[in-house]
Amino acid sequence: MDPAISYVVGSETPHTLNSTWQRMSLTATAPIDYERGEAGKLWNGAAYASVGLSWDGLPASSTVAFDRVQFARTPSGNLLGRSAAFHDDHMCYESGAGTITTRTRERTMVGEYSAKCLLSYIPGGTDGWELSPHTDALASLKAGGGRVTGRVSVSTDVPRRWRVRIRAYDSNYSLVYDGLSSAPNNTSHANGVWSTAQFSATMPSTARYVAVTPYVYYDSATPQPGWYFYSDAHYLSYDISDPNFRVPEWRAPRSLKIRVKPARVNLVNNPGFNTGSSGWGYFGASGVSGQMTWDSSTGRGKPGSVKFHLANGNTVTNSIVGIAPISGINPGTKGGDMLRTGVPHILSAWVKVPAGYPPVSAAAWDPLAAVYRYGPNSDWIRANRPELVQGEWVRVYYTWTPPATSTRQFYGGVLVPKATYTASSNGLSFWLDDVLLEETDELRDYFDGADISADYLWQGTSNMSKSLYFPGRARHAQRLTEIVRDNVPWGTTFDLVFS
């Protein structure tokens, strides 16, 4: 480093932390390498840096303390990951109202894939259509929000009016900001030529995640199912003029966070109905009440299950009826865990069907409930898979591998076709318990975070988050702590996070 050339003085406006402390910061660009021999330049580019503090006119009797000195690179470039930006590895966006969103090679601007948003029907009260961000499509923000710029590109076959949409969420994935770029509107080009637009907005102080997507208008023409647009090159960055961009958050030096990967994960929220039926509801029936109730005394392994009963003759609005999570087992809201494409998954559940009622099946369907896929029904399993029968309880299951071009959200439940329900003189009735969804091609024993062993944990809120299994967790945690302590520099702190 050449001190004569790279020396920088100055300061930003102090940020007052409390009555005693202020945070000062300085942003500078480190000198890069240059040609040796150029007049007045004797050194290579910067390799090290130092920091000092000075005060003008400080009384001789004053005492000044400073703490938490930090060097850090300022956040720059795209805050989004590669798949959220240009759909590199998997699909990060889901179908919105009236749309089917897929990952496709049909037309791209960056890389190998883009997102295609197809209108399947026209929801009432809408003036356009869009794709929606899922968890993987979100960029993390520093505490305090800040001002961000979002940019995205759109391709259509005919010119269409569109705007950039930025949405922000708090730490609980609740929406705290939803804004569209203002007029004048952008107009896409004809014949598939890509158009690009951007929009800047100040995020609320509670915002911790942000996403950018396009919103395409129907305009004066009557919208038709089959209309589509392509979206690519999603980009989010801090506005360079924002102090939140320039000053990174404080991080303690020599601090490690070591994440221990579980051997198994049950992706279902409230899988055992241990304390209630929150998150679950009836599916496919309307105009009736009391179809699904929580049974606190009945359960396969421990008390707690849900009971579904629908008498014959009620209105069934879908082609299928039964129990399913209200927002999908893999929730279609922010914070839901998404499936990995190209990896086998199994959905299973234990059911008890009273005599005289039709058999039920584990089933899955796409976000618009357009295509249903069933596993074997409970009667077939009782006759052919005795290892999946425990007294009155039968374990139903469905196995599949999400394709690379599909969305990563999952909707599933325990259901029967409408024709099966209609043909039953008694209607439909069954109990449901112990639902398991995991990445595997082998049907394995059920588990959830309520199991009494210390090897089982809830990822978050008890009964309302995914379940984790760490074989021998207590023993391994102690041994891992000893190994890490013996192999990190003196003074380094670390946390073991089982997550």
Pair R300-D433, salt bridge (charged side-chain N to carboxylate O under 4.0 Å, His left out): steps then yes or no: CA-CA 7 Å; R300 183 187 68 93; D433 199 7; 5.6 Å; no
Does any pair with a residue in residues 264-277 pass salt bridge (Lys or Arg N to Asp or Glu O under 4.0 Å), and if so which ones, sequence neighbours excluded?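 Pairs touching residues 264-277 that pass the test: R264-E438.
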[X]/[Y] aromatic ring centres below 6.0 Å:
X: Y469; Y: Y456; value: yes
X: H309; Y: F430; value: no
X: H345; Y: W400; value: yes
X: Y374; Y: Y398; value: no

Can you confirm if the NZ or CZ of R167 lies within 45° of the ring axis of Y177 and under 6.0 Å from the centre of its six-membered ring? no
Crowding at CG, N191 (>12 non-hydrogen neighbours, <6.0 Å):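 Counting neighbours around CG of N191, 12 or fewer heavy atoms of other residues, nucleotides or ligands fall under 6.0 Å, so no.
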Checking D295 side chain against V306 main chain: does a donor-acceptor pair fall under 3.5 Å?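 No; judged by distance alone, with no hydrogens or angles, the pair does not exist.
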Could you walk me through whether C117 and Y228 pass side chain to side chain contact (heavy atoms under 4.5 Å, CB included), step by step? CA-CA 5 Å; C117 190; Y228 57 85; over 6 Å; no
Pairing donors with acceptors under 3.5 angstrom, does anything connect the side chains of [X] and [Y]?
X: T187; Y: R161; value: no
X: T213; Y: R165; value: no
X: R163; Y: S181; value: no

For N463, check side chain to side chain donor-acceptor pair (under 3.5 Å) against everything at least two apart and list the hits.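 In terms of side chain to side chain donor-acceptor pair (under 3.5 Å), with neighbours along the sequence ignored, N463 is linked to N274.
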Just say parallel, tilted or perpendicular for the rings of W129 and Y218, cut-offs at 30° and 60°. parallel
Test item: D441 and T399 side chains (from C-beta on) under 4.5 Å apart, heavy atoms: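 Side-chain contact under 4.5 Å: no.
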Take V321 and V416, measure what side chain to side chain contact (heavy atoms under 4.5 Å, CB included) needs, and give me the verdict at the end. CA-CA 6 Å; V321 62; V416 300; 3.6 Å; yes
